[in-house]
J.: 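One structure follows; several queries about it will come next.
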Amino acid sequence: MKLDPVGPPTGYRRARRYASQMLELRLQGYTFEAIREALADAGVNVSNSTVQREVARLRHANIGSRP
């Protein structure tokens, strides 16, 4: 999986546009730290807490949308 940023990171939720990719990496067994490092390599420097929050937010949204 490759993160390809579209533009420079801006705003409080810099990692939000990568949430689905972060969730996919997490489901493949990657640690939050490994995902954070992948984001850093793409130019998005965030904390482990941010990665955990965004993955949890998307997981919760996916669970809530099931019939």
Side-chain angles (χ1 to χ4, degrees):
M1 168 118 346
K2 182 180 175 209
L3 295 168
D4 294 317
V6 176
T10 58
Y12 177 71
R13 303 283 182 177
R14 295 168 289 196
R16 182 153 286 179
R17 71 176 115 180
Y18 302 110
S20 62
Q21 293 177 51
M22 288 188 285
L23 178 59
E24 183 63 33
L25 289 170
R26 185 67 180 153
L27 293 173
Q28 290 176 18
Y30 287 93
T31 64
F32 292 118
E33 178 63 18
I35 297 168
R36 188 199 64 75
E37 289 173 0
L39 286 166
D41 289 344
V44 180
N45 295 308
V46 295
S47 67
N48 266 345
S49 320
T50 299
V51 174
Q52 291 174 3
R53 179 182 58 243
E54 292 304 316
V55 169
R57 183 187 62 79
L58 194 57
R59 258 192 187 161
H60 181 69
N62 286 343
I63 290 170
S65 65
R66 289 186 182 169

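These numbers were taken from a predicted model, which means no experiment stands behind them.
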J.: What pairs with Arg26 under salt bridge (charged side-chain N to carboxylate O under 4.0 Å, His left out), at least two apart in sequence or on another chain?
T.: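 Partners of Arg26 under the salt bridge (charged side-chain N to carboxylate O under 4.0 Å, His left out) test: none.
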J.: Could you name each residue pair satisfying salt bridge (Lys or Arg N to Asp or Glu O under 4.0 Å) that touches residues 36-50, not counting sequence neighbours?
T.: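 The answer is Glu33-Arg36.
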J.: Roughly how far apart are Ile35 CD1 and Thr50 OG1, rounded to 0.5 Å?
T.: 12.5 Å
J.: Taking only residues two or more places apart in sequence or in another chain, which ones pass side chain to side chain donor-acceptor pair (under 3.5 Å) with Thr31?
T.: none
J.: For the OH atom on Tyr30, are there more than 12 heavy atoms of other groups (residues, nucleotides or ligands in this structure) within a distance under 6.0 Å?
T.: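 No.
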J.: Give the minimum heavy-atom separation between Asn45 and Ala40, together with the two atoms involved.
T.: OD1-CB, 3.4 Å
J.: Applying side chain to side chain contact (heavy atoms under 4.5 Å, CB included), can you list everything that pairs with Ala19, at least two apart in sequence or on another chain?
T.: Met22, Glu54, Arg57, Leu58
J.: Roughly how far apart are Arg53 CZ and Asn48 CG, rounded to 0.5 Å?
T.: 11.5 Å
J.: For residues Leu39 and Gln21, determine if any side-chain heavy atom of one lies less than 4.5 Å from a side-chain heavy atom of the other.
T.: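 No, every pair of side-chain atoms sits at 4.5 Å or beyond.
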